[in-house]
Amino acid sequence: MFDIKKLRNIGITAHIDSGKTTLSERILYFTGKIYKMVETRSKTGDGPTMDSMELEREKGITIQSAATYCKWKDYNINLIDTPGHIDFTVEVERSLRVLDGAVLVLCGVAGVQSQSTTVDRQMRRYSVPRIAFINKLDRNGANADRVVKQLEEKLGHKPVMITMPIGLEDNFEGVVHLLKMKAIYYKGNNGEELVETEIPSHLLEEANKRRMQLIERLADYDDIIAEKFLADEEIPMDLLVKTIRRLTIALHITPVFCGTAKKNMGIQTLLDGVIDYLPDPTEIKNQALDLDNNEEKIELATDNTKPLVALAFKLEDGRYGQLTYMRVYQGVLKKGDFIYNSTNKKKAKVNRLVRMHSNEMNDIEEANAGDIVATFGLDCASGDTFTDGQINVNMTSMFIPVPVIELAVAPKSRDGETNFSKALNRFTKEDPTFQVSRDKVSGETVIRGMGELHLEIYIARMLREYNCEVVVGKPKVAYREAITKQAEFNYTHKKQTGGAGQFARVAGYIKPFVAEGQEEFTFKNAIVGGVIGKEYIPACERGFREQLAEGVLIGQPIVNTFIELNDGQMHPVDSSEMAFMLAARAAIREVVPKAGLVVLEPIMKLEVAAPEEFQGNVIGQINQRRGIIVDTVNENGFVTINAEVPLRDMFGYSTDIRGVTQGKGEFTMEFLKYAQTPKAIQEEIIKEYQEENKK
């Protein structure tokens with residue numbers, strides 16, 4: 001009998017190179033799912049179970065999130081290993097959208113890094129409870145206390161240490177469990193044998209002090225524990241476990257575990273923590289939008305007897321066609337069922353239902369509420385909602401980051417054109433941050449993405465998976481245009497061509513409008529007295545929107561605008577939707593130069609880590625690239641420099657940073673915001689655009 005209380009849907013998230021995939025591999029080993037552990041950068045050519053893509057094994061990084069399931073004690077765990085590289089952040093985004101809990105992996109040496117901050121922000125966005133695992137405590141420079149302090153200061157968590165390390169670096173031997181007050185050692189060839197003993201005498205005082213700190217933190221939130229603590233009474237272990245669980249699920253605290261995945265230490269204790277402190281699907285609130293009731297929010301119940309609601313959160317092109325990963329929120333999904341896509345209104349049959357173990361499939365007959373499964377043959381996009389037809393709802397959408405880099409691409413030979421378009425169609429369906437468009441002037445196909453590596457991976461996949469060699473243009477920055485002040489428009493479109501003519505007049509104003517996203521366009525219809533017929537208003541809005549999308553200065557979208565249409569004129573014979581649309585487009589072209597039109601460029605958040613001896617060189621390089629240093633942190637002979645830099649000046653940076661740090665420096669970069677370009681740079685960008693369009 002399936003017991004939903006014994007199900008955990010968890011993700012493994014972290015900064016790149018914190019040991020996520022190694023940890024996932026160890027979890028699979030200790031739960032009996034695999035019988036051999038493979039390192040991320042294995043010399044044998046095979047790679048970790050969760051890195052099933054050839055490119056992942058070659059580069060030693062996770063590119064796609066991989067789903068699997070395993071059992072620990074008598075609990076079922078659906079596990080998703082997510083990428084750490086910022087270019088693949090949408091994989092983390094969509095995974096966290098459907099997970100109930102997460103393990104935040106932190107490097108015991110580097111601690112909280114830039115991508116740790118990003119995944120933490122994503123977890124907060126979807127209110128995902130988490131536990132932290134401080135990994136790599138066997139490495140030189142490891143310091144668990146420093147990482148716990150960073151967790152509190154940099155991420156604003158309230159960490160509670162459940163385990164503390166016994167020794168560090170080469171002397172790391174095991175952990176002290178602060179609830180059980182026992183020392184745990186991981187013996188045997190692969191650490192599979194847990195040995196619980198008394199705490200070593202030299203650590204007893206420290207363990208008692210840390211346990212007291214843990215109880216003090218719980219007492220801040222729980223009156224019963226506070227009373228017992230003040231009365232100096234013994235607090236039962238089961239009360240502590242229940243309280244930690246409740247406070248973790250409520251996002252008040254973050255339980256912290258210690259270990260080293262590579263040396264197989266701390267994994268079983270972490271798995272116990274997943275079971276003890278992370279929620280089952282019934283303990284998480286999930287909402288949907290009722291499409292029959294003005295998109296009112298309704299709460300879904302994790303209940304098999306309710307009407308089916310499932311979300312397609314990830315697509316992959318598998319051996320048997322499109323593989324759709326789904327989270328079942330409510331009801332039961334059975335093989336052979338007909339289900340309805342709330343987004344495109346199409347009906348489909350569930351011909352095959354599988355549980356995924358990385359790229360292996362295990363057939364099942366049905367999936368219960370709270371489960372994560374996959375199916376074939378559904379016509380859908382990432383983020384579509386499916387129901388059984390008894391209920392008309394849509395799940396709330398996930399946040400999609402803005403692509404900031406673009407490349408012109410074309411197949412090398414005419415023979416590759418079919419495969420080229422097949423690949424682009426598939427990739428855009430799979431990945432919402434990979435976008436394709438056609439340049440109206442040059443006729444080139446342009447791909448957009450999150451960074452150079454992101455697009456490089458897709459170009460490599462075209463060759464490997466579609467045998468299509470691609471010619472690639474120079475990387476370009478995805479600029480935007482914006483207005484800086486209010487301006488009024490009053491434009492009349494007149495055309496007489498023998499028969500019926502064209503007539504439309506539109507008037508109003510345009511002004512800057514600061515929105516959270518970059519694509520925001522707000523339209524207000526303030527027409528009174530019927531000077532423009534109601535039937536023509538949508539055509540006006542479409543004309544405004546289309547011209548804003550094309551831009552005026554450099555052919556890039558004009559963002560963050562508010563347009564009010566408050567006057568106009570129509571003709572009983574010569575007015576038409578087309579006439580009003582053309583009038584609206586021309587009005588935008590005429591008015592935006594008066595509204596202080598400027599070019600916006602993407603500004604990136606850059607984090608560079610390098611030995612202290614190279615600090616001057618690294619800062620000098622950042623300054624040369626128009627970067628602004630935000631802060632520098634010196635620790636253990638290394639410097640971490642945080643800066644804000646324009647993407648335009650960052651091409652080729654990976655080669656330069658290696659050059660000035662003798663190959664010892666590394667960096668991560670993610671999109672931060674759009675900002676106005678300096679006047680001289682703007683003129684340069686406009687000139688480049690005009691020259692390209694002459695060709």
Side-chain angles (χ1 to χ4, degrees), residues 16 53-56 58-65 82-94 115 118 314-317 382 400-412 416-417 419-439 442-480 518 555-557 601-606 645-657 667-672 674 688 692:
I16 192 167
M53 194 193 281
E54 199 182 324
L55 273 166
E56 292 179 311
E58 265 180 37
K59 290 182 177 286
I61 60 168
T62 303
I63 292 167
Q64 294 187 324
S65 50
T82 63
H85 198 288
I86 188 65
D87 282 14
F88 309 104
T89 190
V90 75
E91 290 285 332
V92 186
E93 196 78 41
R94 58 171 147 215
Q115 187 66 352
T118 304
K314 176 175 159 64
L315 310 180
E316 259 178 42
D317 202 39
S382 189
I400 303 296
V402 184
V404 291
I405 190 167
E406 54 185 53
L407 286 175
V409 290
K412 198 166 189 179
E417 282 179 5
N419 281 355
F420 178 68
S421 61
K422 272 186 192 171
L424 292 181
N425 283 337
R426 173 188 156 191
F427 297 153
T428 47
K429 255 188 152 183
E430 282 181 10
D431 180 354
T433 60
F434 178 78
Q435 296 174 3
V436 180
S437 63
R438 197 162 181 77
D439 188 299
S442 65
E444 291 176 318
T445 301
V446 175
I447 57 173
R448 290 185 183 83
M450 301 304 295
E452 287 179 273
L453 180 65
H454 188 211
L455 297 182
E456 182 191 311
I457 292 292
Y458 278 116
I459 287 159
R461 286 181 66 188
M462 281 187 214
L463 180 59
R464 285 170 195 242
E465 296 169 34
Y466 287 90
N467 196 25
C468 174
E469 213 174 324
V470 174
V471 179
V472 181
K474 270 174 64 182
K476 285 186 192 170
V477 176
Y479 295 108
R480 295 287 182 266
Q518 278 296 331
Q556 293 286 358
E601 64 179 340
I603 303 296
M604 311 301 281
K605 186 170 119 190
L606 175 73
V645 288
L647 178 61
R648 176 184 172 90
D649 294 79
M650 288 306 288
F651 293 119
Y653 183 64
S654 54
T655 309
D656 289 358
I657 186 74
F667 74 97
T668 57
M669 191 168 69
E670 65 174 299
F671 172 72
L672 178 66
Y674 271 93
E688 283 168 15
E692 257 181 48

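In this text, all values refer to a predicted model and were calculated from it rather than measured experimentally. These numbers come from the heavy atoms of this one structure, side chains and all, not from hydrogens, waters or symmetry mates.
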Asks: Indicate yes or no: at least one non-hydrogen side-chain atom of Leu407 is less than 4.5 angstrom from one of Ile459.
Replies: yes

Asks: Would Phe671 and Leu647 count as a side-chain contact (heavy atoms from CB on, under 4.5 Å) here? Give the steps.
Replies: CA-CA 9 Å; Phe671 172 72; Leu647 178 61; over 6 Å; no

Asks: For residues Lys412 and Val471, report the shortest heavy-atom separation together with the two atoms involved.
Replies: CA-CG2, 3.8 Å

Asks: Does a side-chain N-to-carboxylate-O contact under 4.0 Å join Lys605 and Glu670?
Replies: yes

Asks: When you compare the side chain of Arg426 with that of Tyr466, does any pair of heavy atoms fall below 4.5 Å?
Replies: yes

Asks: So, Glu688 and Arg648, do they make that salt bridge, N to O below 4.0 Å?
Replies: yes

Asks: Roughly how far, to the nearest 0.5 Å, is the CG atom of Asn419 from the CG atom of Leu463?
Replies: 11.0 Å

Asks: Are side-chain heavy atoms of Val436 and Thr445 found at a separation under 4.5 Å?
Replies: yes

Asks: Would you name the heavy atoms of Glu452 and Ile405 that are closest together and state the gap between them?
Replies: CG-CD1, 3.6 Å

Asks: How close do Thr433 and Pro403 get, counting heavy atoms only, and between which atoms?
Replies: O-CG, 3.6 Å

Asks: Val404 versus Met604: any side-chain heavy-atom pair under 4.5 Å?
Replies: yes

Asks: Out of curiosity, Asn467 CG to Met462 CE, how far, rounded to the nearest 0.5 Å?
Replies: 13.5 Å

Asks: Of the non-hydrogen atoms in Glu444 and Ala408, which two are nearest, and what is the gap between them?
Replies: OE1-CB, 3.7 Å

Asks: Looking at residues at least two apart in the chain, or sitting in another chain, which of them share a side chain to side chain contact (heavy atoms under 4.5 Å, CB included) with Pro411?
Replies: Glu417, Phe420, Cys468

Asks: With the side chain counted from C-beta on, respond yes when Lys422 and Asn425 share a heavy-atom pair under 4.5 Å apart, and no when they do not.
Replies: no

Asks: Locate the shortest heavy-atom distance separating Phe434 from Thr428; write the atom from each residue and the value.
Replies: O-CG2, 3.5 Å

Asks: Taking it one step at a time, do Met650 and Leu606 satisfy side-chain contact (heavy atoms from CB on, under 4.5 Å)?
Replies: CA-CA 10 Å; Met650 288 306 288; Leu606 175 73; 4.0 Å; yes

Asks: Does a side-chain heavy-atom distance below 4.5 Å link Asp431 with His454?
Replies: yes

Asks: Check the pair Tyr458, Leu424 against side-chain contact (heavy atoms from CB on, under 4.5 Å), reporting the backbone distance first and the verdict last.
Replies: CA-CA 9 Å; Tyr458 278 116; Leu424 292 181; over 6 Å; no

Asks: Could you measure the distance from the CZ atom of Arg448 to the CD atom of Glu406? Nearest 0.5 Å is fine.
Replies: 4.5 Å

